Amino acid sequence: MIMKKILVGVIFLATLIAGLAFLPAVNAQEESSNGTDTSNVVSAEQAEKVASYSIKEISESIVNFSEWKNATVKLSTVYYDLEGKKSAYSFNVIENEKQIGSIFISATKDNCPVLEFSKGKIPNEIPEFTTRSKLLVEERANKIKSESNNKEELTIGKMKPLYLGPTFYYAEYTLTDKKGKAKEKVIVDLPFSTIVDFNESNVNVPDEKKHYFNSTYLQHQHEIRKQDANTQWITLEKEMIDPSSYSTSSSSKSIRGVPKYKWYYGCSPTASGMVLGYWASHGYSYLVTGYDLVRELASAMGTDWPGSGATWPYKIDDGIEKVCNNHGYNNFDASNDIYVSWNEVKAEVNANKPFVLSMLNGGTGNGYTQPYGEHSVTCIGYYDGNQDYVYLHDTWDTSNVHYLAFGSWTGAMATWVRP
Amino acid sequence: MFYKKLNIKIALLVFLIIALLGVWLIFDVIPIGPGLPPSEGMPGWYIPGAWQGNEQGCTSLFPKISPYCNAGNYSQEELINVWYFNDESEFLKGEDTLYRYLEENGNVFYQELNVSEELQEVIERRETENVWGPIYSPHSFNATGYKSPETSGYFLVYEKPFLKGRDDYFIVYYGVRNTTNLTKEAPKLKKLIAESYYMANGEGKVDSLKPGNKKEKDNILFSWF
């Protein structure tokens with residue numbers, strides 16, 4: 001009997017753990033459908049204080065954001081979730097009366113305080129996005145009219161901005177009939193100018209992976225995120241009352257001299273190439289660089305090229321060591337670490353050792369609207385603050401360092417490369 | 001009571017073992033890569049400055065031939081517009097629609113463009129920034145020129161620039177608004193093309209736009225050999 005119970009438990013737990021690999025990066029509807037505690041509501045005034053404080057913190061800590069040092073913030077948009085509860089506030093970052101960026105603050109303490117920030121414009125302030133969304137809704141209203149029996153004209157209500165997680169911006173319009181009765185709610189994905197139906201599908205999960213999901217697991221994940229967010233708010237509020245605590249509680253570091261390689265052959269050999277390219281200019285000059293290095297790495301780690309460009313994670317460390325050996329360096333130790341911790345990341349960066357970070361369901365780096373997914377990048381730095389970030393050379397962009405919230409992935413493996 | 005406590009301990013131990021093994025197994029069964037942006041993010045690949053926020057919605061100067069379309073503006077007049085296709089048949093359909101639209105609304109011609117000098121400048125500048133990008137495609141290629149009162153410029157088609165086994169097609173327009181004097185604008189546009197071309201990958205093919213019937217003819221001719 002005991003054995004049977006244990007066996008059932010084992011199967012259940014195995015399902016939960018396997019589910020870890022397939023949880024999508026953001027499931028905004030799950031977030032909102034779990035409800036928000038009203039005691040955790042953040043007012044616009046509170047959010048503005050957090051935004052003002054956060055832009056200073058960002059300017060002092062994150063590469064390329066120093067111009068935010070003396071900037072101010074101005075409330076732009078109040079966003080809602082699918083249940084009509086406030087989900088976020090967006091603020092324009094203003095310097096010398098010019099908009100130089102934007103920051104989104106959560107409207108509930110059940111989400112982390114700073115949801116996202118960038119140098120770009122707030123989607124709701126981009127006329128092309130809003131105009132197109134209106135056109136789409138007009139098309140929809142006309143379609144409903146032409147399909148109805150009485151050909152009744154529908155009135156399009158005011159746009160309601162929706163924010164369902166970082167980079168998930170929508171506009172909701174209510175179509176009403178002559179009696180003022182709501183006929184349909186139309187939700188438009190602002191950046192992609194498409195009408196979305198959340199009833200149809202709110203999660204982009206392949207069919208073969210759907211059985212990994214269960215409500216217990218999602219509820220558990222939600223609780224963890226909520227607790228984590230609550231802690232972040234408490235820490236932030238303490239820091240805002242006593243700013244002197246900020247200097248001791250946050251820190252950042254970037255490794256200088258790590259090259260930026262554009263994607264070639266696959267992300268894993270490219271990301272590994274940047275690590276070895278760094279060492280090639282730091283005393284290991286027999287290592288080749290650029291094209292030759294990436295090609296050699298792809299071959300050594302068995303990257304499927306010119307097929308899918310995919311690499312088995314467990315072959316990344318062996319491939320790196322093999323290439324080092326090929327060039328006469330037997331002292332390189334490359335090792336995969338699938339339980340990578342924040343302290344390990346900081347220690348490695350502090351020791352000026354860039355490393356490969358391979359993610360499953362990787363989140364969205366700053367400046368992007370699409371998540372990294374299954375992707376290898378080169379980690380070159382960190383920001384340790386209210387929210388921890390890793391600085392990345394991500395193989396997509398060779399002009400900028402991108403940063404990503406630590407832990408915004410389902411699973412991550414670090415490949416430490418230590419000469 | 002003793003057995004109950006023992007059961008909890010066993011369950012916890014089993015949970016720990018499975019958690020550790022589970023993560024280990026996950027990395028053994030899921031390959032990483034190719035690590036390219038999803039289709040929605042692909043247009044940005046050929047838009048310099050896309051990741052710094054210089055990426056906007058598709059221009060309305062041309063028909064909507066792909067749902068994955070974005071543009072970048074480089075001055076009041078200069079622009080790059082990129083249509084991305086992840087399916088060959090959609091690409092051929094889109095290319096044909098675009099070609100027919102161009103023929104109806106302006107003057108279409110072919111021109112060989114040589115961007116060697118401009119590209120060399122970009123490569124040297126990026127090398128000083130410790131950047132490497134794979135440039136193994138030709139520096140001279142056929143482009144489709146287009147002249148109309150609203151805009152004039154060049155179209156390039158990038159076919160399968162990443163992996164032979166993947167359907168990735170880009171139609172890219174490098175143009176200037178409100179002019180038909182392409183000769184005057186060509187030096188500026190070649191610089192813009194070089195910046196964007198640097199972001200191309202070493203694989204695949206770079207070519208001009210082709211209407212559907214021209215492709216059919218090419219294929220028929222090819223079958224003779």
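Reminder, nothing fancy here: chain letters follow the sequence lines and each chain counts from 1. Predicted, not measured: the structure shown is a model, and the values here were computed from it.
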Side chain, backbone, both or neither: which part of [X] has a non-hydrogen atom closer than 4.5 Å to chain B?
{"X": "A/H393", "answer": "neither"}
{"X": "A/V294", "answer": "side chain"}
{"X": "A/M359", "answer": "backbone"}
{"X": "A/D397", "answer": "both"}
{"X": "A/S308", "answer": "backbone"}

Electrostatic pair A/R295-A/D292, nearest N-O below 4.0 angstrom: yes
Stacked cation flag B/K160 on B/Y169, 6.0 angstrom / 45 deg: no
Residue, of B/P37, B/G41, B/G44, that accumulates the most heavy atom pairs under 4.5 Å with chain A: B/P37
Check: B/F162 ring centre within less than 6.0 Å of B/W45 ring centre: yes
A/D189 side chain to A/T194 backbone, donor-acceptor under 3.5 Å: no
Whether A/W263 side chain and B/P34 backbone form a donor-acceptor pair below 3.5 Å: yes
